[in-house]
Amino acid sequence: MNESTPPFRAPVGTHDVLAPASAQWEGVVATFASLAHRYGFGLIITPMFEDVGVFNRGIGESSDVVSKEMYVFSDRGQRTFALRPEGTASVVRAFVQHRPPTPWKAWYVTPAFRYERPQAGRYRQHHQLGVEALGSEDPELDIEVIALAWRFFEAVGLRRVRLLINSMGHDECRGRYVELLAAHLALHGAQLCDEHRRGWSTNPLRVLDCKRPACVAVTEAGPMLPDHLCEDCRNHFARVVAGLESIGIEATLTPRLVRGFDYYTRTTFEFVADALASAQNAVGGGGRYDRLAEQLGGPPTGGIGFGCGIERLLLVRDAEGVSDELLKRTPDVFVVDTTGSGDSTVLLDELRRGGVAAQRAYGGRSMKAQMRAADHSGARFALLIGPTEQAAGQVTMRDLRSGEFAQAQPTVERGDVVAVVRDLLTEK
RNA sequence: GUGGGCGUAGCUCAGUUGGUUAGAGCGCCAGGUUGUGGUCCUGGAGGUCGCGGGUUCGACCCCCGUCGCUCACCCCA
């Protein structure tokens, strides 16, 4: 038997997350869930795959995600599906299908799939937390969504995250702007980078997103979106920025921020982590999508959302040196039983039913071995049952946090164990 | 899709100009006299040196291929 090379492993770009590392995931999700609830969002669960049209129409054919990164497949009924590459399109599809009363606010946690070469902070399957709010174009909604995101990053301990913000305008003013931009690019197209020299006309806005010096130089000299917004869009944007400022959230105006999805209108934003040295420094982002519901066959309905990558968030926590654990998953007690009887079976059942996280050793190991296991488990107390305790109907409690050898070891009447343990645990 | 780096015990890594039974630390298991962890001491288990082929008297070490990991470009979470 050759055990050194397992026949199967997680697919390229995917990862298993085991305990104890997974406790950080639980913590991140729990923090987000609690915050989302406070802001009035309800959990939504949608399928991980959708008719490919949901993403084609929603995200846009010209986007990188749709044009070259989707996991597309046909099922046995010859229907064409795609694994979701991001969270928003599915939620809006669900909104259109169910027509819940507006304003409608939903949060989600989901895997997302993109076929690309893995790299630091970039995977083929990653996980996103996010919210979507539909049914209002009120800038207050923009402020709420962005504030939720900001407070979330604060809550998980991040300090060096900046908020970049921009407005894409609505159809008309953006349309006019795109024409201006296209005219500018037509004049200077020859100076663009290799990729965009010929390809810019498909979607001129993409050039703004390009980080190559050639494209940056050309676009910097050209027209900028914020200067060409209509009055409504300008006011909307101003109110968002002012509202954020009123609650102490500083947003950096970033005129070239257009983001990779076609559905964005008006407010767009991105959270970048300065602690990450790599190019993958965006921990979250989002924006308004006032035409998306229509594009997916629903009534005209404004909306705005935010998404955050869990893996990347954890990378940032690491890079920032955030030391506090979001969630500890260690047992409260560890039952050490050397009698070999069924006493520990009954005690463990009582403890667990009483809300106490309790573990034990298996295989009838020596007391020393069981104590070592108790120590390694991280349990606060060891509950000892040996022949003496068994005969006396008692349990010996040992505080594993104490470093003293000659510490006091109270014995507790068997019938009082659960109550005593619970008392001691809530004490601190 | 393109390019760079790397693949030696569960983990992090050593391994001298190719030379006989491949090492360490951590982790794991068991002991250190009669029921007690975390420190210390002793011992033990665990590797076809990613896989395949080639060069050689001989390969963990050199060459080719392949798979995988990783980083970068592009883009994003």
Side-chain angles (χ1 to χ4, degrees), chain A residues 1-15 18 59 63-69 84-88 109-130 149 193-196 199 206 209-212 215 257-261 270-273 276-286 306-316 334 336-339 361 363 365-390 396-407 409:
Chain A
M1 271 302 179
N2 181 358
E3 296 179 48
S4 58
T5 52
F8 302 113
R9 44 182 307 133
V12 172
T14 70
H15 294 278
L18 317 208
I59 300 169
S63 68
D64 280 12
V65 165
V66 165
S67 63
K68 52 188 191 195
E69 294 175 3
R84 88 161 41 119
E86 58 93 49
T88 301
V109 51
T110 177
F113 306 86
R114 292 179 204 171
Y115 189 88
E116 43 188 350
R117 284 286 276 275
Q119 180 184 156
R122 206 185 68 181
Y123 314 100
R124 286 188 175 174
Q125 176 177 344
H126 73 282
H127 299 80
Q128 291 194 17
L129 295 159
C193 75
D194 292 347
E195 186 190 330
H196 289 117
R206 291 267 169 275
D209 218 14
C210 183
K211 293 185 183 90
R212 294 192 186 87
C215 285
L257 178 75
V258 295
R259 301 189 45 81
F261 306 143
E270 192 166 291
F271 292 90
V272 295
L276 289 186
S278 70
Q280 285 77 240
N281 65 347
V283 279
F306 156 75
C308 161
I310 297 180
E311 288 85 352
R312 223 169 259 186
L313 173 68
L314 293 174
L315 280 178
V316 180
F334 195 102
V336 171
D337 179 4
T338 57
T339 68
R365 306 212 286 157
S366 70
M367 170 162 272
K368 183 189 179 98
Q370 291 192 51
M371 283 303 292
R372 201 186 311 130
D375 184 48
H376 292 176
S377 76
R380 173 69 199 285
F381 297 105
L383 302 185
L384 313 190
I385 306 175
T388 315
E389 286 84 355
Q390 188 177 41
T396 297
M397 288 190 69
R398 186 173 175 84
D399 188 340
L400 294 171
R401 278 205 317 210
S402 165
E404 295 170 35
F405 282 85
Q407 63 179 286
Q409 292 188 161

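Naming: A, B, ... by sequence-line order, numbering from 1 per chain.
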Just to confirm, is there a sub-4.0 Å distance from OP1 or OP2 of rU36(B) to any side-chain nitrogen or oxygen of Lys368(A)?
no
Atom-pair distance (CZ on Arg398(A); C1' on rU36(B)), nearest Å:
6 Å
Take atom C1' in rG18(B) and the same atom in rG3(B), then report the distance between them in whole Å.
31 Å
Check for a donor-acceptor pair, side chain of Arg206(A) on one end and backbone N or O of Gly260(A) on the other, with a separation under 3.5 Å.
yes
Could you check how far CG of Asn281(A) sits from P of rA72(B), rounded to whole Å?
11 Å
Send over the distance from Glu311(A) CD to rU70(B) P, rounded to a whole Å.
13 Å
Rounded to whole angstrom, note down the P distance from rG37(B) over to rG25(B).
23 Å
C1' spacing across the pair rA14(B) / rU8(B), given as an integer number of angstrom:
10 Å
Stems of at least 3 consecutive Watson-Crick or G-U wobble pairs (donor-acceptor distances under 3.5 Å) involving RNA chain B, listed by first number, are B:1-7 with B:67-73, B:10-13 with B:23-26, B:28-32 with B:40-44, B:50-54 with B:62-66
Check every strand shown and say whether Glu389(A) touches a base, only sugar-phosphate, or nothing at a heavy-atom separation below 4.0 Å.
base
Short side-chain N/O contact from Arg259(A) to OP1 or OP2 of rA77(B), under 4.0 Å
yes
Straight-line distance of Gln128(A) CD to Thr88(A) OG1, nearest 0.5 Å:
8.0 Å
Phe381(A) backbone acceptor or donor facing Arg398(A) side chain under 3.5 Å:
no
Roughly how many Å is it from OH in Tyr123(A) to P in rA77(B), rounded to a whole number?
15 Å
Could you list all N or O pairs between the protein and nucleotides 26-29 of chain B that sit under 3.5 Å apart?
residue	atom	partner	partner atom	Å
rC28(B)	OP1	His376(A)	ND1	2.8
rC29(B)	OP1	Arg365(A)	NH1	3.3
rC29(B)	OP1	Arg365(A)	NH2	3.4

It should be established whether Gln119(A) places a side-chain nitrogen or oxygen under 4.0 Å from OP1 or OP2 of nucleotide rA72(B).
yes
Which heavy atom of Val283(A) sits nearest to which heavy atom of Arg312(A), and what is that distance?
CG1-O, 4.1 Å
Given atom CE of Met367(A) and atom C1' of rG31(B), what is their separation to the nearest angstrom?
17 Å
To the nearest Å, how far apart are Arg124(A) CZ and rG68(B) C1'?
13 Å
Closest to side chain of Gln280(A), choosing from rA77(B), rC74(B), rG37(B)
rC74(B)
For the P atoms, the ones on rU55(B) and on rC64(B), what distance do you get once it is rounded to whole angstrom?
15 Å
Along RNA chain B (nearest heavy atom to each residue), the more 5'-positioned of Val12(A) and His127(A)
Val12(A)
Euclidean distance for P, rC57(B) against rU12(B) (whole angstrom):
38 Å
Taking atom P of rC40(B) as reference, at what distance in whole Å does atom CG of Asp375(A) sit?
13 Å
If I take atom NE2 from residue His376(A) and atom CZ from residue Phe334(A), how far apart are they, to the nearest 0.5 angstrom?
10.5 Å
Expressed in whole Å, how much space separates the P atoms belonging to rU48(B) and rG10(B)?
8 Å
Step by step, work out the side chain to side chain contact (heavy atoms under 4.5 Å, CB included) result for Glu86(A) and Val65(A).
CA-CA 9 Å; Glu86(A) 58 93 49; Val65(A) 165; 5.6 Å; no
With a 4.0 Å cut-off on heavy atoms, is Asp337(A) in touch with a base, just the backbone sugar-phosphate, or nothing at all?
nothing
Just how far is it from atom CD of Glu69(A) to atom CG of Asp64(A), taken to the nearest 0.5 Å?
5.5 Å
Phe261(A) near the nucleic acid: base, sugar-phosphate alone, or nothing, with a heavy-atom cut-off under 4.0 Å?
sugar-phosphate
In whole Å, measure the gap between the C1' atoms of rU33(B) and rU20(B) for me.
44 Å
Okay, side chain of Gln280(A), backbone of Ala120(A): is any donor-acceptor separation there less than 3.5 Å?
yes
Assign each of Lys68(A) and Leu313(A) to its nearest nucleotide of RNA chain B by heavy atoms, then name whichever residue's nucleotide is nearer the 5' end.
Lys68(A)
Supply the atom-to-atom distance Glu311(A) CD to His126(A) NE2, rounded to the nearest 0.5 angstrom.
7.0 Å
To check you understand the geometry: which heavy-atom pair defines the closest contact between Thr339(A) and Pro387(A), and what is its length?
CG2-N, 3.7 Å
Using a heavy-atom cut-off of 4.0 Å across all strands, would you classify Ser278(A) as base, sugar-phosphate, or nothing?
sugar-phosphate
Between rG58(B) and rU21(B), how far apart are the two P atoms, rounded to whole Å?
15 Å
note: Glu270(A), atom CD; rC75(B), atom P; distance rounded to Å ~ 12 Å
Please evaluate the base of rA77(B) for a donor-acceptor partner in the side chain of Glu116(A) within a cut-off of under 3.5 Å?
yes
Output a table of donor-acceptor pairs, distance under 3.5 Å, between side-chain atoms of residues 368-375 of chain A and any protein atom two or more places apart or on a different chain; print 'none' if there are none.
residue	atom	partner	partner atom	Å
Gln370(A)	OE1	Asp337(A)	N	3.1
Gln370(A)	NE2	Asp337(A)	O	3.1
Gln370(A)	NE2	Arg365(A)	O	2.8

Heavy atoms under 4.0 Å, any strand shown: does Ala120(A) hit a base, just sugar-phosphate, or nothing?
sugar-phosphate
Between Thr14(A) and Gln125(A), does the side-chain hydrogen bond (donor to acceptor under 3.5 Å, both in side chains) criterion hold? Intermediate values first, please.
CA-CA 5 Å; Thr14(A) 70; Gln125(A) 176 177 344; 5.8 Å; no
